Amino acid sequence: MLGSSMALTLSFTQSRKTSAEVESVGDVSIPEIIAGEDLFFYINRMRGTFDPVLYRKLLGAANEFKEGDQMIGVAAADQSSRLHARSLLANTRIKEINAHPVYQDQLNDYITPEQTVTTSSTVETVGDLKQFLLTENEVAIKQLSQSLSSDVIGCVVKLMSQQELITVGSKIFNPLPNSQIGAKGYLGARIQPNSPTDNPDDIFWQVLDGWSYAVGDVVLGTNPVSSEPESVAAIELVLRDLLVTFGIEQVLPHCVLSHIDVQAKVERRSPGSTALWFQSIAGSDAANQTFDIDLKKMRDYARSRTGQYGLYFETGQGADFTNGHSHGFDMVLHESRKYGFARALTREVANAQQASGRQPAPWVHLNDVAGFIGPEVFRTREQLVRCCLEDIVMGKLHGLTIGLDVCSTLHMDVSLDDLDWCLDQIMPANPAYLMALPTKIDPMLGYLTTGFQDHVRIREKFGYRVNDAMWSFFQKLNVIDDQGKPTENFGNPLHVYLQYRRKKGDTRNSEVILSEGRLQMDEVRSRGLFLAEGFGKTQGELAPALQVQIDQIYDDAKKSIWAELTPAFVASVPEVLPVETNSSDRLEYILHPTTGEQLSIASVKSIQNLRESYLDQYNVQIVISDGLNALSIMQEGHLDPFLSQLRQELKSAGFSTANRNIIVRSGRVRAGYQVGELLFGRLPGNRAILHIIGERPGTGHRTFSVYMTSPNGSLWGKADQVDHNITRVVSGIASTALKPETAARDTVRILHQMNAG
């Protein structure tokens with residue numbers, strides 16, 4: 001990476017001050033329009049016929065500015081063009097929007113309601129629809145919205161101001177069956193007990209921690225490091241045990257957020273071990289393939305969910321285009337199509353329940369992860385608020401119970417304090433729930449999100465409640481009293497542990513149990529995982545000592561993001577071949593990720609020369625990239641022991657590994673795929689790229705990951721066909737997390753399975 005980190009950081013953090021300048025570089029210019037004309041009249045006037053490309057550009061230009069729309073060429077060139085695009089859209093009839101889908105594929109056919117709104121005496125245009133939503137009551141809105149297409153829902157939010165989005169969001173509610181989750185005046189929490197090593201104790205104690213603050217009423221949902229069925233099953237059983245022990249498994253589900261195929265496999269092997277099933281979904285057929293799902297697979301799974309708990313989806317603006325599937329239309333419409341997918345699958349679950357003899361009551365909800373991808377999607381806290389409000393309204397209009405992960409990656413210009421400000425702006429729209437972790441920093445994913453005590457603060461400020469059944473549980477735990485006030489046990493996970501042991505029939509002296517619990521908490525913390533305990537000046541603030549630690553982690557994350565692999569380090573790697581991507585410097589790498597996905601012309605030539613020297617004798621190539629955390633690669637005790645153990649394990653497993661180590665400056669995961677294409681294209685047999693890359697700054701561990709991709713040479717020979725859907729990953733590797741030697745053994749074991757299957 002080029003330039004000093006201080007200079008680059010300064011340049012990056014000035015983005016908020018220069019946002020007006022950024023907005024002036026969009027591609028879609030609409031200098032003037034004729035009063036009263038709509039999108040289709042304008043397009044015909046400009047082109048003489050309907051032009052789908054211009055149509056998509058005009059729809060994108062109606063959005064508030066976001067970098068993601070700019071990157072695909074659909075952002076307005078200036079504010080005047082944006083207002084003109086909105087005027088055209090407001091004048092456009094709903095039936096014309098429905099007659100011209102923004103993108104035609106199988107998903108579009110599936111998610112479009114059989115009876116779409118075409119015209120009525122009061123709601124004919126998109127502008128009419130906006131006024132209807134602002135002025136009518138919830139009953140009338142719900143009656144209409146069930147027949148609104150996803151394109152129309154995505155279009156109407158483009159016309160709304162922030163306050164108008166809040167007005168609509170705050171009067172539509174879709175609670176989960178037999179609960180108050182998603183009801184008016186309620187704000188739930190998904191406890192997200194992630195562990196850098198999938199350690200069951202880490203997960204167990206984070207749940208107890210959340211409950212000690214009376215937080216956690218929607219789902220216990222863990223993001224696993226490993227997607228191996230055995231590991232996922234172990235976590236499922238930890239979560240299930242907690243719920244069964246306290247007798248609340250009919251109130252609160254658990255979920256391990258692995259691929260839905262893995263969850264299904266775990267359930268087949270151990271019936272009853274899983275509850276709610278999770279899957280990330282996208283807004284087009286092609287983008288869903290990146291997640292290794294398609295319509296048939298998801299419909300089949302939805303039809304199998306006939307019990308109490310159904311499906312849990314995760315989405316986020318920008319995911320589609322960052323995976324190479326923008327199809328030329330904007331992020332808002334992509335996101336709306338995802339909600340249409342979720343709506344249609346919810347109906348499948350309801351129909352399956354009815355067919356099985358149950359009363360239709362689909363427990364299905366969706367979590368919008370706004371801000372997780374990075375500054376290529378949007379850069380500022382104001383844009384994050386806008387995104388969340390758009391998504392709340394679109395989700396609710398689709399009839400969904402929609403929660404938020406109001407979050408930021410460490411390379412965005414959004415600070416810990418900014419997140420508090422964002423929450424305050426968003427909460428009046430009353431989403432169904434937020435994420436909940438011991439602190440704002442996820443110990444495994446390394447991003448900023450919502451802590452337990454943020455929930456306490458928000459409940460106090462906005463008067464929100466948690467699901468009634470779980471509130472009763474918190475009162476029985478005696479962390480909340482009969483009047484709804486915190487007790488002396490509030491924020492004390494040891495107290496919850498004592499109750500857990502008593503439920504298990506443990507009759508030992510309380511002091512013995514508490515001492516045992518304290519020892520376990522110390523062990524969890526020794527692995528670098530934070531547990532909240534107590535509070536600061538108010539019950540909604542972290543304890544001061546813990547706040548200092550979080551601030552230090554945040555500062556270290558910023559250093560990690562801007563750090564570069566030093567020339568001395570690169571030279572120290574044995575048999576090294578240094579190459580670089582098209583990123584001209586670190587700032588471009590962060591703001592324009594695609595530049596880090598393609599090798600420079602000179603580097604392509606270097607890899608081609610390497611292929612000629614190999615003479616088809618190797619089936620494994622090791623690639624090393626700085627990624628977003630060069631310090632994790634350079635950390636003593638990280639790369640050296642990993643490479644040493646990895647090469648030893650590969651040799652023992654019968655792989656033929658190239659001696660050269662390719663180091664990529666400013667490299668992203670897809671840069672490894674290009675190396676594979678250049679080295680292995682059209683060669684016989686399976687050929688593997690093992691891409692070691694620095695990731696997830698902010699965990700406090702300086703972790704790296706290894707991405708394993710091992711198709712046959714014929715697939716490597718097809719440009720841009722190898723992608724994330726056939727790649728496996730071992731993440732969270734660090735001397736203080738998943739030990740490098742252990743990770744190396746896991747890598748080769750998984751690679752062997754990939755080649756065998």
Side-chain angles (χ1 to χ4, degrees), residues 1 4-16 192 194-196 206 209 223 369-375 378-381 384 405-424 434-455 457 525 527-533 535-537 540-564 586-587 590-591 626-632 634-635 694-704 732 734 736-737:
M1 296 89 188
S4 72
S5 62
M6 181 176 294
L8 288 171
T9 303
L10 178 61
S11 173
F12 185 60
T13 55
Q14 285 176 337
S15 61
R16 189 178 302 161
Q192 185 171 301
N194 292 345
S195 165
Q206 287 181 85
D209 199 12
N223 298 85
V369 187
F372 185 73
I373 297 174
F378 48 79
R379 290 169 61 178
T380 70
R381 65 180 190 171
L384 176 56
D405 192 345
V406 183
C407 62
S408 169
T409 59
L410 274 299
H411 59 310
M412 287 175 66
D413 185 21
V414 179
S415 69
L416 291 165
D417 291 338
D418 285 337
L419 280 184
D420 287 343
W421 180 86
C422 290
L423 289 169
D424 288 346
L434 299 172
M435 301 301 100
L437 292 85
T439 74
K440 276 185 169 68
I441 296 182
D442 187 294
M444 188 271 281
L445 296 174
Y447 75 116
L448 307 182
T449 183
T450 318
F452 297 148
Q453 284 165 300
D454 293 314
H455 282 265
R457 179 182 68 83
R525 286 170 168 150
R527 291 189 285 271
L529 191 141
F530 297 113
L531 294 174
E533 195 171 1
F535 43 85
K537 293 180 180 179
E541 297 179 7
L542 285 177
L546 181 55
Q547 184 63 61
V548 169
Q549 289 181 285
I550 296 303
D551 290 341
Q552 290 172 343
I553 293 293
Y554 179 83
D555 292 341
D556 181 73
K558 291 297 186 182
K559 293 177 183 176
S560 297
I561 287 166
W562 294 103
E564 11 179 3
R586 191 64 174 166
L587 185 62
I590 289 173
L591 296 184
D626 42 22
L628 288 172
N629 197 347
L631 295 182
S632 72
M634 294 189 292
Q635 181 98 1
E695 287 194 313
R696 300 176 180 176
T699 64
H701 296 277
R702 292 185 174 175
T703 61
F704 64 93
T736 55

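Here the structure is a predicted model, which means the values were calculated and not measured.
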Approximate separation, where rounding is to 0.5 Å, of Asp417 CG and Asp551 CG: 8.0 Å
Side chain to side chain donor-acceptor pair (under 3.5 Å) partners for Thr449, two or more places apart: Asp405
Polar side-chain atom of Arg586 near backbone of Ile561 as donor-acceptor pair, under 3.5 Å: yes
Minimum heavy-atom distance between Leu445 and Asp442, given as atom pair plus value: N-OD1, 2.7 Å
Atom pair OG1 (Thr736) and CG (Leu529), whose distance is rounded to the nearest 0.5 Å: 11.0 Å
Close side-chain approach of Gln192 and Thr450, heavy atoms under 4.5 Å: no
Close side-chain approach of Leu434 to Leu423, heavy-atom, < 4.5 Å: yes
Donor-acceptor under 3.5 Å (Asp209 side chain, Gln206 main chain): no
Validation row: Leu384, Phe378 side chains within 4.5 angstrom (heavy atoms): yes
Expected output: side-chain Glu541 to main-chain Phe535 donor-acceptor under 3.5 Å: no
Contacts of Asp420 that satisfy salt bridge (Lys or Arg N to Asp or Glu O under 4.0 Å) - sequence neighbours left out: Lys440, Arg457
Non-hydrogen atoms of Val369 and Cys407 that approach each other most closely: CG1-SG, 3.8 Å
Ala737 to Gly732 - nearest heavy-atom pair and separation: CB-O, 3.2 Å
pair Met444-Arg696: side-chain heavy atoms closer than 4.5 Å: yes
Separation between CG of Leu631 and OG1 of Thr703, rounded to the nearest 0.5 Å: 11.5 Å
Partners passing salt bridge (Lys or Arg N to Asp or Glu O under 4.0 Å) against Arg702 (at least two apart in sequence or in another chain): Asp556
Minimum heavy-atom distance between Ser560 and Pro697, given as atom pair plus value: CB-CB, 3.9 Å
Main-chain N/O of Arg527 paired with His701 side-chain donor or acceptor, under 3.5 Å: yes
Leu437 and Phe530: CA distance, side-chain angles, deciding distance, side-chain contact (heavy atoms from CB on, under 4.5 Å) verdict: CA-CA 9 Å; Leu437 292 85; Phe530 297 113; over 6 Å; no
Leu628 side, atom CG; Trp562 side, atom CH2 - distance, nearest 0.5 Å: 10.0 Å
Pair Glu533-Arg525, side-chain contact (heavy atoms from CB on, under 4.5 Å): steps then yes or no: CA-CA 12 Å; Glu533 195 171 1; Arg525 286 170 168 150; 2.9 Å; yes
Atom pair CD1/OH of Ile441 and Tyr447 - distance to nearest 0.5 Å: 12.0 Å
Minimal non-hydrogen separation, Leu419 against Val406, with atom names: CD2-O, 3.9 Å
Shortest non-hydrogen separation from Gln547 to Leu542 and the atoms involved: OE1-CD1, 3.5 Å
Rounded distance (nearest 0.5 Å) linking atom OG1 of Thr409 with atom CD1 of Ile590: 9.0 Å
